[in-house]
Amino acid sequence: MVASSSDMHFSGLLKCIIKEGLLTEADAQAHSDAAKKSKTPLISYLVNNKHISATTIATHAATEFGLPFFDLSAVDKSILPSGLVSEKLIRKHHALPLFKRGNRLFIALSDPTNFQALDDIKFHTRLNTETILVEEDKLVTAIDSFLEAADTSMTDLLDSDLDNIELSGGDEAPKDDTANSDIDDAPIVRFVNKILLDAIKKGASDIHLEPYEKTFRIRFRSDGMLSEVASPPSNIAHRIVSRIKVMSKMDIAERRVPQDGRIKMTLSRNKAIDFRVNTCPTLFGEKVVLRILDPTSAQLGIEKLGFEPEQQKLFLDAIQKPYGMILVTGPTGSGKTVSLYTGLNILNTVERNISTAEDPVEITVEGINQVNMNVKAGLTFATALRAFLRQDPDIIMVGEIRDLETAEISVKAAQTGHMVLSTLHTNDAPQTLNRLLQMGIPAFNIVSSVLLIMAQRLARRLCEHCKTDSEYPEKILLEAGFQKEELGTFTVFKAVGCDNCNDGYKGRVGIYQVMPITEAMRARILEGCNAMELGEQAKADGVNDLRISGLIKIKQGITSLEEIDRVTRE
């Protein structure tokens, strides 16, 4: 069949989608451009943004390309061939080996035109490769499950020899070894290792070890909430703390001042976890907090953060501008760093020079020049920014704008041809403009530099295994912020709790207020409007505040009314 002139510029799967009437040519071109801009495969973009279902794409493509179609949810992941294809190739090509027959390896793909994947896998395995077509959403889940199972499982680690886990700390050797006979006792070593592994297994973000007069408490922070997991005898608290200080290369003889350190735990050939460790002297001993640093958190992909489609487009459009300032605001632990690094990963190409100043660097990314603040040595945000501006930068990320000096240099950089990304601690986007004014930045500098301000929170996701319908009175829903005409068009779910979750929740999702600085907003800033008036202008510009964004997540069945009340409470 000869293609018509109207669709000659489309090829591969997109041509099939247009031919089947699933998208118009205009929509197809727009979605293709958006997928390229966000560095997302076209199928992933279409499915994640709910333009076309994964099943619809797969069934039409199977017919069009004459390929076998397979339901991945029906396969036992434990029988998939491991060791044939590297994790790097699987991630790079979004391809999963299904089974091997003689010298033929059958590969699960959601894109039938991904011939590069077949060629690369054939080259590395020296096997002939053939395509099995599968649904995109099921392929994502299957790849994650396969790679997690291929790596050393956490269950196996907990049952293995806890004494022999590979651990390493910072660059400095411990300054005092006098207590090593105590802290290297096998029971203490095993107990500390088990605490670290339990925290990783449960998906915790922080571990708190807290000594009191007669008790010693250990708590994990999971999905933003602390819960007690152990209460060892208080008489061994010192030995446990000392063991952690040795692991993180701290001075175990110094107990009067706070100390910082790091631990690297190698779980297997492909998996290592970093811990940032801080001690603080309290009335009854040293409290220790370990932050678990997940190197994969910045590679989630923008679709998984929780943006609504229009919010995602505003953010992507802003970061692609050649210069200007983008500010992310919210309390500690609201996911600001992950949002910024998601944007930086999109911008991280060989053509761009990216530098970041952070206190401290939590997520390391190849291709980005990251600088750790060291106030004692005189390396502050302002000092680092001045150095960046002499190093031909394209994009600068400042961990936090804390003072007038840092703010002034950031604004100057944004006005002189650089893209600047940073964070502030304010409650919402309009208040950020007032904070800059209060710092001493003139209004005319703000309107000429700031492109977009994004406020965010993290809300816990309802567990898909146990969430249940909740019948709220109409009065409660109206008071929550829902409109009377939309009541009855959606289901409000509530948390229950089961073996798969924490009190009915598992994982978190971002809630955003994405506020571009429009011409009308610039005029209000120059007029000297307060935060409330700027908020009214944002609403007139069609910007959803955090509460409305939270209500959308409730209507989508992602979270509960109680959780949105908790994270958006004024």
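One is the number of the first residue; the rest follow in order along the sequence.
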Restricting to non-hydrogen atoms, name the atom on [X] and the atom on [Y] that form the minimum distance, rounded to 0.1 Å.
X: Met247; Y: Val192; value: SD-CG1, 3.7 Å
X: Arg402; Y: Glu400; value: NE-OE1, 3.2 Å
X: Val411; Y: Ser449; value: CG1-OG, 3.7 Å
X: Pro211; Y: Thr282; value: CG-OG1, 4.0 Å
X: Ala357; Y: Ala384; value: CB-CB, 3.9 Å
X: Asn427; Y: Ala455; value: O-CB, 4.5 Å

**Request:** State whether the number of non-hydrogen atoms from other residues, nucleotides or ligands found under 6.0 Å of Asp499 atom CG is greater than 12.
**Result:** no
Return the [atom1] to [atom2] distance between [X] and [Y], rounded to the nearest 0.5 Å.
X: Ser234; Y: Phe284; atom1: OG; atom2: CZ; value: 11.0 Å
X: Thr329; Y: Lys336; atom1: OG1; atom2: NZ; value: 7.0 Å
X: Arg243; Y: Ile252; atom1: CZ; atom2: CD1; value: 11.0 Å
X: Leu344; Y: Ile319; atom1: CG; atom2: CD1; value: 8.0 Å
X: Leu305; Y: Tyr512; atom1: CG; atom2: OH; value: 4.0 Å
X: Ile263; Y: Ser248; atom1: CD1; atom2: OG; value: 4.5 Å

Quick check: do [X] and [Y] have side-chain heavy atoms less than 4.5 Å from each other?
X: Leu462; Y: Ile558; value: no
X: Val371; Y: Glu358; value: no
X: Phe220; Y: Leu226; value: no
X: Val289; Y: Ile207; value: no
X: Asp206; Y: His208; value: yes
X: Phe381; Y: Glu405; value: no
X: Leu436; Y: Leu424; value: yes
X: Cys466; Y: Asn500; value: no

I'd like to know if the side chain of [X] pairs up with that of [Y] as donor and acceptor (distance under 3.5 Å, no hydrogens or angles considered).
X: Thr342; Y: Asn345; result: no
X: Thr383; Y: Thr380; result: yes
X: Gln415; Y: Asn445; result: yes
X: Arg255; Y: His238; result: yes

Exam field: side chain [X] to backbone [Y], donor-acceptor pair closer than 3.5 Å:
X: Asn372; Y: Val361; value: yes
X: Gln259; Y: Asp251; value: yes
X: Thr432; Y: Asp428; value: yes
X: Glu563; Y: Arg461; value: no
X: Thr559; Y: Arg460; value: yes
X: Asn502; Y: Gly497; value: no
X: Asn434; Y: Ala531; value: yes
X: Glu533; Y: Asn530; value: yes
X: Asp274; Y: Leu293; value: no
X: Asn353; Y: Gln391; value: yes

**Asked** Does the pair Asp565/Arg547 count as a salt bridge with the N-to-O cut at 4.0 Å?
**Response** yes
**Request:** Give the intermediate values and the outcome of side chain to side chain contact (heavy atoms under 4.5 Å, CB included) for residues Ser355 and Met397.
**Result:** CA-CA 6 Å; Ser355 296; Met397 197 268 268; over 6 Å; no
**Asked** What pairs with Ala538 under side chain to side chain contact (heavy atoms under 4.5 Å, CB included), at least two apart in sequence or on another chain?
**Response** Met515, Met521, Val543
**Complete:** For residues 216-231, the salt bridge (Lys or Arg N to Asp or Glu O under 4.0 Å) pairs (sequence neighbours left out) are Glu210-Arg217, Glu210-Arg219
So, using side chain to side chain donor-acceptor pair (under 3.5 Å) as the criterion, who are the partners of [X] when residues are at least two apart?
X: Ser422; result: none
X: Tyr505; result: Ser560
X: Arg508; result: none

**Request:** I would like to know whether Lys194 and Asp198 meet salt bridge (Lys or Arg N to Asp or Glu O under 4.0 Å); could you show each step before the answer?
**Result:** CA-CA 6 Å; Lys194 188 174 189 307; Asp198 278 349; 3.0 Å; yes
**Fill in**
When Gln311, Arg457, Gln456, Glu308 are each screened for side chain to side chain donor-acceptor pair (under 3.5 Å) with Ser549, the one that passes is Gln311
**Item:** Results of salt bridge (charged side-chain N to carboxylate O under 4.0 Å, His left out) for Lys506 - residues two or more places apart only
**Value:** none
**Prompt:** Are Glu286 and Lys245 close enough, and set up right, to give a salt bridge (Lys or Arg N to Asp or Glu O under 4.0 Å), and what steps lead you there?
**Reply:** CA-CA 11 Å; Glu286 291 177 283; Lys245 290 172 72 174; 3.0 Å; yes
